[in-house]
Each structure stands twice: as structure tokens, then as C-alpha cells.
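Right, one structure below, let's go through it.
A note on names: the letters A, B, ... follow the listed sequences, proteins ahead of strands, and every chain is numbered from 1. Since we're looking at a predicted model, the values are computed, not measured.
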Amino acid sequence: MPPQPSVQTLDPAMVAFITSHLSIHMAAANDQLQVTLVRGIGCRVSDNRDRITVLAPRSQSEPLVRAIGRNNSVAAVFNQPETHRTVQFKGTDARIEPATEQDKASLPAYLQGFSERLKIYGVKEIYIHTLCACEPDDMLAVSFAPMSIYQQSPGAEAGRRLPPGAPLP
Amino acid sequence: MNRMLSLESIRHCLEGLVPSGVATCGLDGMPNVTLVSQAMYMDPYHIALSFQFFNKTRENILANPIASVLMMDPDTAARYRLTVHYLRTETSGPLFEKMRAKLAGIASHEGMEGVFVLRGADVYRVLNIEHLPGRELPSTQYGPPILPNLRRCVDAINRYCSLEHLVDSLLDSLDRYFDIRHSMLLMLDRAGNRLYTLASRGYSHSGIGAEIPLGTGVVGVAAREQVPIRIMFAASEYEYSRTVREQAIKDGLVCELEAAIPMPGLPSPGSQMAVPLMCNGKLMAVLYVESPQPCQFGYDMEDALVTLCAKVGEAMGLLQLQTQGGQNMEASPAKPCPQPGSGPALKVRYFARDHSLFMDEEYLIKGVAGAILWHLLNVHQHKGRCDFSNRELRLDADLPLPDISDNLDARLLLLSRRLQERSEHIQIEKSGRGKFRLLVKRPLTLSQSD
């Protein structure tokens, strides 16, 4: 019997993984089932580990903001480029929030960490600092409780749904 | 679609250098987002995404074909969001093979060989392109300008007067105008289901006469599918090496492949491209270029070489028509044959089973070219002739070889170059259109075995 949606408390290792300056993409769909996506530029998890917040530039996220405003559904995928380890989270209670001062202050660390990961592919630091650049006033936060988690690393297991509180696959 | 922004103008974002994000949505309204290993430009209206695993993306596009792709410019970091409509999945044929080869390079670059396996090429129509706001870097793509250099190549090639000149002009022009230092041209042996090397540049040995089966390596796949194949990173699966050929022979893909002449080629090319040369819809040859550096040949270079090869393919067809057109002289010596020099006789041994030919126990060549040389040496030995015409060879019933008229000029050129490399005592030189002369500088002893 497939697991029923329920709010999950994330495993600490999972929290450490998704906040470790990974490649992040976030998607939402409007009522006509037209989907959109944007690149994330940071992530934080609530202290009780039951809520994920992904940061993104508002100027690139207009369709996403509108879609979430209509139906509160969101998907976010976190990929560690050097290992291809990938996990996707989905939520149905997503809300758009203003980025906090802490969120805004977290961007340089994200840029630095993400750049470090891509050095092995010869990607220059300035490339990541440009790709993920965001003016402080342009930053928004999408917060959601993870209702389902999927292992998405390339391979036969890609797409497998993980049980609630599952450790990092 | 934004009239100012065409898919073509941003196709360099579709080289697989930066993975693209792909979002889909199920009928329940729940979005799904993932990364795709390869998004490939097909034409101004279509892209193909690699289908590697059965997953939610697959399930969603079959139910709701509208998806969104976020791709990044690998040079400037510009972001483009595409709205696309899924049309179909191709699991074989030119597009599939093109994508499979490219994916092999990406997999190797990312340490995912054996994991990134292409199940299909998902074809999407692009409905909209959105250039997202945000910071961008100035472009640093300053290669040699493609169009003026293509023009120079065409100008050089247009002056061809023979197959030999045409082939040499092509490879020399690539070096001179496009800075392509490693190249080779392989002719199709239609009956033999293989290609043989006619000319090369940039290798320690020319490899003239070396063969590769259709369907093997970048060249073989480009020939079989009649489509350009381009790989941006080292891809061991497609390395054009002796190993690949030996495996093909072992797998029984082709028998009696020329094995004594090693294939030229870089041991581990960072970039590879193979372009078929066609004439009237028929494959004539394949041009192969490579570089030790990755990411050397982009979409624009592919366009340039495809254009150039169209020109050369037609020229090859025209030359073939000219040499088959009956304008050649009948076999009669134009001038007396030079007397062979003195010294010990050159022992020439011929094996009829594979038409292989040895000179003083040294292997020279086999197959069609071997049979032709054996025929010429016998006529020379027994009738004292040294002048020949292509026409008489084509009509000669003593040459029981299939498909000989198809590419006789190329066979003679191969033979002539192989002799230049391997024999001081026997040479073939062109003596006019459709005519050639056999020069024998030592007495001969001919022997034949089964």
C-alpha cells in the first residue's frame, strides 16, 4: 500500500544535505496545468525540521508566484553536482514569504559553496556568482511542509518515493 | 514566441554543458521537477530531451504534454525558460544515435558511464522562449569566424581537378582555415559494409587503407545513420580506436576487416565529429575531425562542415560520372614502358582468398585494392604494358569483385598512396583523366596462393 501524504519531519542528514549549497530548482503549475520553474538560490529548514524554505529571485519567479498563490503546490529538487545525488520534495501548503534579513545575508555563503562544488567541472566562480545573483530586495522565499520525498539520483531507482523521515538515499 | 529570440540563436545552451531543469505536471495538478542530462537542439522549432529512466517526468508528459525547461548559457550565464510540448519519443534512427553519442560524452565527463543510458529521444516543439532577467557575463566566444572561413574552404575546394586533389584540399583547408589539426576522410565500401581511410592529417601514421565497419565508433554510426555525430567530451564508448574495431570483429559485426593497417586517431579525443558526404542521397564517404581538447566543435562548426561536405560529396559524384563516362582512352600504351632496373627480383605474393598482397614478405594491402594491383602486375609482367585506363579495369572480367565501378578512383588513390608509403619499387601515377601508369623499378617474381 503506497504511503499516505503526511507532514514529515526530515532526517537530520537530509536537512544537512539540502542546506549544503546544492543546485536547486523549484516548480509550480497553474490551474491549466501549465508548469513553470525557477532556479533556487538557497535553502533553510525550520528548527523542528518539518518545513523547507527555498529562496529565489522574485523577478524570475512571477509565474511560479502566481501558481503557488492559486493552489499552494510546489516541487523542489536538490542536486549535488559532483555526486549526482538528487532528492525531490513536494508540498501542498506552499506560501510565498518575504525573504528575511538572514535569508538575504545567506546568499554569499550559498554562492561560495555552490561554486566550490562546480570547480571540478572547470566552472569559474564568477559564472555561479552571476547565474545565482540576486539583489536583496528581489529575493523571495517559498516555504512548504514536505508531504512527499523522492529519490531522484540517476539510475534505476530514480523516482522512487521515500518513506516519511527517510534517511538520505 | 518572442520574435526577437529564436531557438537557433541560443542553441549553444543546448550542448549539455550545464544540465537543464525540466518541470512537468500531472493531471492532479502536482508539479514535478528534475534535471535532464541532455537537451539537444534539433531545428528552429524543436528540441530533444534525453529519456533515460522511467519516472514521474515520463508519466506526466504522457498525460499532460506541456513542460517547462530552464536552460543556462554556458558562457554568459543567461537563463532561458522554454515552454515546450511533447510530441513523440524516438528509440532508433539518426536523432537517437546523435543523442546517444553526445550523451556518452556527457556521461564520461560527469563520471556516469554505464548510468546515463539513452532509452529514447523525447521530441518537443518549443512554444515559447522567455529570457529571464538577471545579471549576465559578457560573451567570450571568440573563435575564428565561421562564415568567411567556410567561403575560403569552398574557394580552395572548387579548384579540384581529381579525387586526390579534392580530398587533399578538404583536409588542408580544415587545418588552414578552421584550425582543425586532426582529420581523416574515409570512403564507403558499400559491398563490404565498411569504410576505408583514404587520407588523414595530424597523425604519426597516415593509416591509409585502415578500415572500420559501419555502425562502429563515431564514424561508423555517422555512416550507418547518414547523420552528423558530434561529441563534446571524451567518450570511451565512441573512441575511434583499434580496440573498438577489434571488438567489432570479435562480435562478428564484420568479417575480413583490414586488420594489419592500424587506424589513425588520437588515443582519447576530447572532441569528435563525423560528417557524412552524400551525393544524390547516397553515402560516399565520411569526414572525421577530432581534437584533444573538449568542447571544440559546436553547432556552428557542425553546420559549416555539413555545408562543406555537401559540396565535396557532389564533387565526388561528378568525378565518378566523368571517369565512368567513356571519355577514357582504350588500353594502349602511350609511350614505351621504362625498363625495370637491375638487382634482385621483387617477390610479390598474392592470396586469392582475401586478395591480400605481400612484397618481399611485407604486407601491402588486401581486398579490392589488392586484387587490382595483382591484375596490373600480371598484365605488366606478361604483356609488357604499363599504361592503363579506369575503363578497362571496370570492364575486365578478371577482376571478379563486386561494386568495383562504384568507387574505382578511390581504390586507385588508396593503392597509389599505400604504394607511396610502403614501396620504393612499384608506384602508380596518374597519366591523364581516367588513365594511370604503373611504374615498376625492379624485376618481379609473381606467385599466387589460395
Side-chain angles (χ1 to χ4, degrees), chain A residues 23-39 57 59-61 63-64 67 70-71 73-77 79 81-84 86 88 90 92 118 120-124 126-135 138 147-148 150 152-161, chain B residues 17-35 37 52-60 63-70 72-79 81-84 107 109-112 114-117 127-128 130 132-138 294-295:
Chain A
S23 172
I24 308 168
H25 286 79
M26 189 164 42
N30 65 17
D31 293 346
Q32 287 74 48
L33 306 184
Q34 290 167 337
V35 71
T36 183
L37 79 165
V38 69
R39 183 175 268 281
S59 55
Q60 298 175 20
S61 310
L64 182 109
R70 293 281 300 175
N71 56 40
S73 292
V74 72
V77 69
N79 164 263
E82 69 275 31
T83 64
H84 297 273
T86 310
Q88 182 182 203
K90 294 186 183 182
T92 53
L118 290 166
I120 57 162
Y121 296 117
V123 178
K124 290 181 181 157
I126 192 170
Y127 183 85
I128 296 303
H129 282 247
T130 306
L131 180 69
C132 300
C134 182
E135 296 301 324
D138 191 33
M147 302 294 288
S148 51
Y150 301 86
Q152 226 154 280
S153 306
E157 292 286 288
R160 182 171 62 91
R161 186 169 177 168
Chain B
L17 303 179
V18 185
S20 299
V22 177
T24 56
C25 178
L27 293 178
D28 59 357
M30 182 54 78
N32 189 82
V33 60
T34 188
L35 298 178
S37 305
Q52 293 166 240
F53 312 106
F54 289 104
N55 54 20
K56 191 68 180 171
T57 299
R58 186 95 202 135
E59 190 184 317
N60 283 352
N64 170 22
I66 302 295
S68 185
V69 179
L70 183 62
M72 272 63 68
D73 188 315
D75 188 31
T76 68
R79 296 145 292 262
R81 189 160 49 209
L82 277 54
T83 304
V84 296
H109 178 61
E110 299 191 7
M112 298 298 275
V115 180
F116 285 0
V117 177
L127 304 177
N128 188 48
E130 199 182 341
L132 299 185
R135 209 173 288 172
E136 292 176 16
L137 294 166
C295 307

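- B/Arg79 meets the salt bridge (Lys or Arg N to Asp or Glu O under 4.0 Å) test with no other residue; sequence neighbours excluded.
- Looking at A/Val123, there are no atoms closer than 4.5 Å to chain B (heavy atoms on both sides), in backbone or side chain.
- Ranked by non-hydrogen atom pairs under 4.5 Å with chain A, the options B/Val18, B/Leu35, B/Thr76 are led by B/Leu35.
- The part of B/Asp73 that comes within reach of chain A is its backbone (N, CA, C, O), which places non-hydrogen atoms under 4.5 angstrom from that chain.
- No side-chain heavy atom of B/Asn60 sits under 4.5 Å from any side-chain heavy atom of B/Met30.
- Of all the heavy atoms in B/Ala23 and A/Thr36, the pair that sits closest is CB-O, 4.1 Å.
- Taking B/Thr34, B/Val22, B/Ile66 one by one and counting their heavy-atom pairs under 4.5 Å with chain A, the maximum is reached by B/Thr34.
- For A/Gln32, no part lies near chain B; criterion is any non-hydrogen pair under 4.5 Å.
- Both the backbone and the side chain of A/Gln60 come within less than 4.5 Å of a heavy atom of chain B.
- The choice from B/Pro133, B/Gly29, B/Gly134 that makes the most heavy-atom pairs within less than 4.5 Å of chain A is B/Pro133.
- The most heavy-atom pairs under 4.5 Å with chain A, out of B/Asn64, B/Asn55, B/Thr57, come from B/Asn64.
- In terms of non-hydrogen atom pairs under 4.5 Å with chain B, the most contact-rich of A/Cys134, A/Gly159, A/Ser73 is A/Ser73.
- Note: A/Ala28 leads A/Ala67, A/Cys132, A/Ala28 in heavy-atom pairs under 4.5 Å with chain B.
- Ranked by heavy-atom pairs under 4.5 Å with chain A, the first of B/Arg81, B/Lys56, B/Glu136 is B/Arg81.
- With sequence neighbours left out, the side chain to side chain donor-acceptor pair (under 3.5 Å) criterion links A/Asn30 to A/Gln34.
- Considering every non-hydrogen atom in both A/His84 and A/Tyr121, the closest pair reads NE2-OH, 3.7 Å.
- Contact tally against chain B (heavy-atom pairs below 4.5 Å) for A/Arg160, A/Arg39, A/His129: the top residue is A/Arg39.
- In plain terms, the two heavy atoms of A/Asp31 and A/Arg70 that are nearest each other are OD2-NH2, 2.5 Å.
- Looking at B/Asn32, its side chain never comes within 3.5 Å of a backbone N or O of B/Gly26 through a donor-acceptor pair.
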For this session: Tell me, with the steps shown, if B/Val33 and A/Met26 meet side-chain contact (heavy atoms from CB on, under 4.5 Å).
Result: CA-CA 7 Å; B/Val33 60; A/Met26 189 164 42; over 6 Å; no
